[in-house]
Amino acid sequence: MEIKVIVVDNSPELKERLVSILSGLEGVMVCKSFDDAVAAMQYVEENQIDLVFSDVVMPEISGITLASMIYERDEHPEVVLLSGIPGFSLEAWKIRAFGFIIKPYTRAQIVDMVKKYRQAAKEGLLERDVVHQGER
C-alpha cells in the first residue's frame, strides 16, 4: 500500500528535512510540499491524499485550522500536526488529528507515525473508514 503524503511547513529547512525523511521511506510518496495552508488545502481538495504532515504555527492559517478544514470534508486525509509548543497537543486532540509530534522530531518518530497510519488503514480504523462503514 502506497501512502500519498503532503508536507506543510513555512520553515524551508524543516520542510525539506521532513520531505527527505518521508521520501526515504518505502511505500511513501511525497506528492508535494507547501509553505502555507491555503495552497495545501487547495491541493487536498483537488487530489487524493492519505496523510498530511503540517506545522501548527504558520502565517495566515494555522495547522490547527487547516486540519479542521480537512476534517470537514467527507473524503479526507488524516493529519499529523507538528509543533515546538507542547500545549498544542490538546488542540490536536480536540479536532481528532491522527497524530501530534513535538518538534524537534526524530526520524524514528516520523517512521512510527507512518507505521501507525499503515496499521490503522489495514485494520479499517481510519476515521474515513469508520464514517463510511457507519453510513452503510
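Quick note: residue numbers are just sequence positions, from 1.
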For residues 62-69, which side-chain donor-acceptor pairs fall under 3.5 Å, sequence neighbours excluded?
unit_1: Ser62; atom_1: OG; unit_2: Ile64; atom_2: N; d: 3.3
unit_1: Ser62; atom_1: OG; unit_2: Thr65; atom_2: N; d: 3.1
unit_1: Ser62; atom_1: OG; unit_2: Thr65; atom_2: OG1; d: 3.2
unit_1: Ser68; atom_1: OG; unit_2: Ile64; atom_2: O; d: 3.1

Going by heavy atoms in the side chains, are Lys4 and Leu51 under 4.5 Å from each other?
no
Go through the steps to decide whether Ile49 and Val5 satisfy the test side-chain contact (heavy atoms from CB on, under 4.5 Å), and finish with yes or no.
CA-CA 6 Å; Ile49 301 299; Val5 176; 5.8 Å; no
Close side-chain approach of Arg73 to Met41, heavy-atom, < 4.5 Å:
yes
When rounded to the nearest 0.5 angstrom, what distance separates CG in Asp50 from SG in Cys31?
8.0 Å
Minimum heavy-atom separation for Thr106 to Arg17, with atom names?
CA-NH2, 4.2 Å
How about His76 and Asp74: do any of their side-chain heavy atoms sit closer than 4.5 Å?
no
Here the gap from Gln48 atom CD to Glu75 atom CD, rounded to the nearest 0.5 Å, amounts to 7.5 Å
Tell me whether Ile6 is reachable from Met29 by hopping between hydrophobic residues (I, L, V, M, F, W, Y) whose side-chain heavy atoms are closer than 4.5 Å.
no
On a heavy-atom basis, the closest approach of Met113 and Phe100 is CE-N, 4.2 Å
Checking side-chain contact (heavy atoms from CB on, under 4.5 Å) between Pro77 and each of Ile3, Val44, Asn47, Leu126, which is the one that passes?
Val44
Report the distance from atom OG of Ser20 to atom CG of Leu25, rounding to the nearest 0.5 Å.
9.5 Å
Less than 4.5 Å apart, any side-chain heavy atom of Leu81 and any of Val79?
yes
Any idea how Phe98 and Tyr117 line up, ring-wise: parallel (<30°), tilted (30 to 60°), or perpendicular (>60°)?
perpendicular
Do you reckon Val56 sits in the same ILVMFWY cluster as Ile102, going by side-chain contacts under 4.5 Å, direct or chained?
yes
For residues Gly24 and Arg107, report the shortest heavy-atom separation together with the two atoms involved.
O-NH2, 4.4 Å
Out of the candidates Asn10, Asp35, Asp9, only one should pair with Lys15 under the side chain to side chain donor-acceptor pair (under 3.5 Å) rule; please name it.
Asp35
Output, in order, the C-alpha distance, side-chain angles, deciding distance and verdict of side-chain contact (heavy atoms from CB on, under 4.5 Å) for Ile61 and Asp36.
CA-CA 8 Å; Ile61 298 177; Asp36 68 277; over 6 Å; no
Which heavy atom of Ala37 sits nearest a heavy atom of Met58, and at what distance?
CB-CE, 4.0 Å
Met1 and Ala121 have their tightest heavy-atom pair at CE-CB, 3.6 Å
Among Val30, Leu22, Val8, the one residue meeting side-chain contact (heavy atoms from CB on, under 4.5 Å) with Phe53:
Leu22
